[in-house]
Undergrad: 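Take a look at the following structure, please.
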Amino acid sequence: MAGYKVQNQYVKHGFIDNAEDKIEETIQPVLDSGTANGWVLHSFQATAAAKGTNLVFIWQLPD
């Protein structure tokens, strides 16, 4: 039976800042870390939050 890990990451940004750059800078290290642990990305969701973006990674853990 597959196991899963949910990982949240919050990216704080304002309307003036270039949010896309901050999100990209935040996502890549999380992806690198997860794959280094042998996890497989199952799904990913980004949602707007009060003054930023909430990123949710769902990882499938190795058997």
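All of these numbers come straight from a predicted model, not from anything done at the bench. Numbers here are sequence positions counted from 1.
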Undergrad: Identify, with sequence neighbours excluded, every residue that meets side-chain contact (heavy atoms from CB on, under 4.5 Å) alongside Ala46.
TA: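 Once residues adjacent in sequence are excluded, the partners of Ala46 under the side-chain contact (heavy atoms from CB on, under 4.5 Å) criterion are Phe44, Thr53, Leu55.
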
Undergrad: To the nearest 0.5 Å, tell me how far Gln7 CD sits from Leu41 CG.
TA: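 With rounding to 0.5 Å, CD (Gln7) is 10.0 Å from CG (Leu41).
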
Undergrad: Drop me the distance from Leu31's CG to Phe57's CZ, to the nearest 0.5 angstrom.
TA: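 CZ of Phe57 is found 5.5 Å from CG of Leu31.
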
Undergrad: Kindly write out the residues that satisfy ring pair (Phe, Tyr, Trp, His ring centres under 6.0 Å) with Tyr4, not counting sequence neighbours, or none if the list is empty.
TA: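 Checked Tyr4 against ring pair (Phe, Tyr, Trp, His ring centres under 6.0 Å); matches are His42.
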
Undergrad: In chain order, what residues pass the side chain to side chain donor-acceptor pair (under 3.5 Å) check against Gln60, with sequence neighbours excluded?
TA: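 For Gln60 there are no side chain to side chain donor-acceptor pair (under 3.5 Å) partners, ignoring immediate neighbours.
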
Undergrad: Testing the basics here: between Gln9 and Val30, what is the closest heavy-atom pair and its distance to 0.1 Å?
TA: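 In this case the closest contact between Gln9 and Val30 is OE1-CG2, 4.0 Å.
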
Undergrad: Could you work out, with side chain to side chain donor-acceptor pair (under 3.5 Å) as the rule, every residue matching Trp39, not counting sequence neighbours?
TA: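 Trp39: no side chain to side chain donor-acceptor pair (under 3.5 Å) contacts found.
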
Undergrad: So which heavy atom on Tyr10 is nearest to which on Ala49, and how close?
TA: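 Closest pair (atom of Tyr10, atom of Ala49, distance): CE1-CB, 3.5 Å.
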
Undergrad: Under the side chain to side chain donor-acceptor pair (under 3.5 Å) test, which residues partner Gln28, sequence neighbours left out?
TA: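 If we apply the side chain to side chain donor-acceptor pair (under 3.5 Å) test to Gln28, skipping adjacent residues, the hits are Asp32.
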
